[in-house]
Participant: 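Just dropping this structure here.
Numbers restart at 1 for each chain; the letters A, B, ... are given by sequence-line order, proteins then strands. FYI, side chains are in, hydrogens and waters are out, and symmetry mates aren't considered; it's all heavy atoms of this structure.
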2 protein chains.
Amino acid sequence: MAVQDRQQVTIYEVAQRVGVSIATVSRALRGTDYVAPETRRRVLAAVEELQFRPSRLGQSLAEGRHAANGIVFPDLSGPYYSEVVLGYEEVAAELGNSVLILATHGRPDPSRKVLELARRVDGMVVMGRTVADDVVAQVAEIGVPTVLLARAAVGALDTITADNDTSARQLVEHLLEHGYQRFAYLGDPDSSPDVTDRYRAFREALTDAGRKPPRSPVRCAFDVDAGHRAARRALAGSPRPQVLVCANDEVALGAMAAAAEQGLTVPADVAITGWDDVMAARYAGLTTVHQPMRELGATAARWLQDRMAGSQAAVRREVLPTRLVVRTSCGPHDAEKEVRG
Amino acid sequence: MAVQDRQQVTIYEVAQRVGVSIATVSRALRGTDYVAPETRRRVLAAVEELQFRPSRLGQSLAEGRHAANGIVFPDLSGPYYSEVVLGYEEVAAELGNSVLILATHGRPDPSRKVLELARRVDGMVVMGRTVADDVVAQVAEIGVPTVLLARAAVGALDTITADNDTSARQLVEHLLEHGYQRFAYLGDPDSSPDVTDRYRAFREALTDAGRKPPRSPVRCAFDVDAGHRAARRALAGSPRPQVLVCANDEVALGAMAAAAEQGLTVPADVAITGWDDVMAARYAGLTTVHQPMRELGATAARWLQDRMAGSQAAVRREVLPTRLVVRTSCGPHDAEKEVRG
DNA sequence: GGGGCCACTGTAAGCGCTTCCGGAAGCCGG
DNA sequence: CCGGCTTCCGGAAGCGCTTACAGTGGCCCC
């Protein structure tokens, strides 16, 4: 009742109440060893009566584990990261782990924070361009199982990514079939490993097809607003690009708005493509690349669990397949269809 | 080097190495008491050399605090929750707390999970319709400072919400000025306290203006897809509603797509409004209500900090102002402007 | 009837830290 | 020269739990 009653009831009080040792209480509670049914009953009754809840701290210290794992990501704005984190949290929770989050975006000294996080979890996943490789290596060396997500492999760590290469090539091929000549790329290849790959594959595909890729990307951040501004810049170019290949769907959505504002129709005057296949993309008729975001997170959580359980299996590297989703924003088709790859 | 070297170096090893007691090491590390400069230097050198990092568990147990706080929310899909969580995490991290997340959406037994979370944090915020009031009360009674976010007050807990009433009224008034007669409401008033309020205020405003509110809402979940389906249903009604007032922006975005599919132009054939003012709303020309999402989260984190610091100040209740943002989806205006409220 | 096993329980040793308390020097002023 | 203050440091008591180890009866079986 009293507010200042922060004094938690401990296992000692329960033991005293029942007239047994704390060991017995612990055993009765965890069902880990023989306890007479009658004793157990009395213990549970006392627990109920006193509203005893074992201290997580005491438990963890004794068990030597946190029963928690962490995830560090750059940001949470935009559906992409949210979905990944959600997929991760869902599985981690199912596996009995609490999840600690850490957003590095724009924070001073992310390395310190990551190392700090590493000390409160039994394992963690590190996403994208959040901290340098040596920090990841350090975390791993401390002995905290780590899996990398949407980021280049570091040392002997499990790594899961989505396929950017294949889809980028498919995308370019598809666009070339439309007969487009002048391509612009909207997005910052330095912003995330995914975008780095996409941009590289985009250029390669163009080169392989005997076309000249754009001199440089139109750099912009990962949001609708940035995409909007970048598209304005791109469309001001002369000759005007025929296609805006955008690093993700937010950027593409912004680009579509920018095109509309300039009186350009998509795809007649300019084709636009995105990446990720967020829900809004469908309604915008955006041609994009579908990514299994939830699954990325979920898989990371499962792999992490294996490592935390002590698995010494070979390093896992997996590239989840993506899928080109053709809608209307890239040009007219006989019928709207989804090309699978 | 060895992988199985999970054995962390402890404060004892450092102490032994330097030839002092663990007490001295602790003091040198935390700078909490007198330590001879030379001793400190040697301790720090040993710490560096052994790569000693104090165990968070040991520290927490001794200090009696977790240095962490939690946030429970229904879901992370859609920009709304993400933004709130991000605002929260940002401030919490600044204040030196790690943050634990818990998504209740669709999980069995959220109460147990929430109670569990409560035992690993020094304080937590509970958002929206995640768990019943009695669970919140229980958490508070355990002695875990709690602040409520976007949810009706429970007991003597700090509560922060966004203003739904005023904005709903402004929205309705604005729509009435357009001369609309037939209103439909898309969203599930039972899905979240915010929507409950919005729907109620929406009806009241209509009634107050001498209009008859719709018999019932067109119930749908909180995403674009659900909004799309709900709008299709709503638009099939006869006579067709002139306005679709949507519970949030995702729903409205879905509704806009549905209208377009049916060959209806917005706002000429049907006006559509949203709620939240997510980034995409701007580019869709969506009239909506701006919510300070980041700030909701940030404020919650700050209040929580006060309570964790032991503040016994009076219960805080704050309703953050929202702002009607008039764009094109509600009807033609002389010039696009933003009406502030 | 006694040895052995099984079911049950208590004792106590940690887990890795923080911090109270008290002792030991060193230093200063009277 | 001595009392008292300041500075520095070690001992040890927790913090709240888990679990290895060591019993102690009771029962069964030969």
Participant: In whole angstrom, what separates Arg119(B)'s CZ from dG16(D)'s C1'?
Facilitator: 12 Å
Participant: Quick check: any donor-acceptor pair below 3.5 Å linking the side-chain of Arg56(B) to the base of dG16(C)?
Facilitator: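 It does not, because no donor-acceptor pair links the side chain of Arg56(B) to the base of dG16(C) below 3.5 Å.
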Participant: From the list dT18(D), dC9(D), dC17(C), which nucleotide is the closest neighbour of the side chain of Val35(B)?
Facilitator: dC9(D)
Participant: For Gln16(A), does the CD atom sit with more than 12 other heavy atoms under 6.0 Å from it, leaving out its own atoms?
Facilitator: no
Participant: Does Arg41(A) come within less than 4.0 Å of Glu38(A), counting only side-chain N to carboxylate O?
Facilitator: yes
Participant: Which of these nucleotides, dC8(D), dG16(C), dC17(D), is closest to any side-chain atom of Tyr12(A)?
Facilitator: dC17(D)
Participant: What integer distance in Å separates Leu29(A):CG from dT18(D):P?
Facilitator: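 Nearest whole value for this atom pair: 8 Å.
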Participant: Expressed in angstrom and rounded to an integer, what is the separation of Arg120(B) atom CZ from dC17(D) atom P?
Facilitator: 14 Å
Participant: Is it true that atom CD of Glu94(A) has more than 12 heavy atoms of other residues, nucleotides or ligands lying nearer than 6.0 Å?
Facilitator: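 Yes, because the 6.0 Å sphere around CD of Glu94(A) holds more than 12 heavy atoms from other groups.
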Participant: Of all the choices, dT9(C), dT18(C), dG11(D), which nucleotide is nearest to the side chain of Thr24(A) once you look at every atom?
Facilitator: dT9(C)
Participant: Using the closest heavy atom to pick a nucleotide of DNA chain C for each, name whichever of Gly58(B) or Ala23(B) lands nearer the 5' end.
Facilitator: Gly58(B)
Participant: Starting the side chain at C-beta, find the nucleotide from dC17(C), dC15(C), dC15(D) nearest to Leu61(A).
Facilitator: dC15(C)
Participant: Using a cut-off of 4.0 Å on non-hydrogen atoms, how would the nucleic acid contact of Ser26(A) be classed: base, sugar-phosphate, or nothing?
Facilitator: base
Participant: Send over the distance from Tyr34(B) OH to dT7(D) P, rounded to a whole Å.
Facilitator: 4 Å
Participant: Round to the nearest Å and state the distance from Glu63(B) atom CD to dT18(C) atom C1'.
Facilitator: 7 Å
Participant: Among dG10(C), dG10(D), dT18(D), which nucleotide has an atom closest to any side-chain atom of Gln59(A)?
Facilitator: dT18(D)
Participant: Relative to the 5' end of DNA chain D, which residue comes earlier, Phe52(A) or Asp33(A), by the nucleotide with the nearest heavy atom?
Facilitator: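 Counting from the 5' end, the first nearest nucleotide belongs to Phe52(A).
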Participant: Side chains of Ser192(A) and Asp194(A): donor-acceptor distance under 3.5 Å anywhere?
Facilitator: no
Participant: Determine the contact category for Thr39(B): base if any of its heavy atoms lies under 4.0 Å from a base atom, sugar-phosphate if only primed atoms, P, OP1 or OP2 are that close, otherwise nothing.
Facilitator: sugar-phosphate
Participant: To the nearest Å, give me how far apart CD1 (Ile22(B)) and P (dC8(D)) are.
Facilitator: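 Rounded to the whole Å, the gap is 20 Å.
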Participant: Strictly below 4.0 Å: does Ser21(A) bring a side-chain N or O up to OP1 or OP2 of dT9(C)?
Facilitator: no
Participant: Test Ile101(B) against every option in Leu100(A), Ile71(A), Ile101(A), Leu86(A) by the side chain to side chain contact (heavy atoms under 4.5 Å, CB included) rule and name the one that passes.
Facilitator: Ile101(A)
Participant: Using whole Å, report how far CD of Gln8(B) lies from C1' of dC15(C).
Facilitator: 13 Å
Participant: Confirm from the modelled atom types if Arg27(A) and dG10(C) form a donor-acceptor pair under 3.5 Å, side chain to base only.
Facilitator: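 Result: at least one qualifying N/O pair found.
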Participant: Which of these nucleotides, dG10(C), dC8(C), dG10(D), is closest to any side-chain atom of Ala36(A)?
Facilitator: dC8(C)
Participant: By nearest atom, which of the nucleotides dT18(D), dT19(C), dG10(D) is closest to the Arg30(B) side chain?
Facilitator: dT19(C)
Participant: Using a cut-off of strictly less than 4.0 Å, decide whether Ser55(A) has a side-chain nitrogen or oxygen near OP1 or OP2 of dC17(D).
Facilitator: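 Answer is no, no contact under 4.0 Å.
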Participant: Distance check needed: dG16(D) C1' versus Ile11(A) CD1, whole Å only.
Facilitator: 8 Å
Participant: With a cut-off of 6.0 Å (strictly less than), are more than 12 heavy atoms of other residues, nucleotides or ligands near CZ of Arg17(B)?
Facilitator: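 12 or below, so no.
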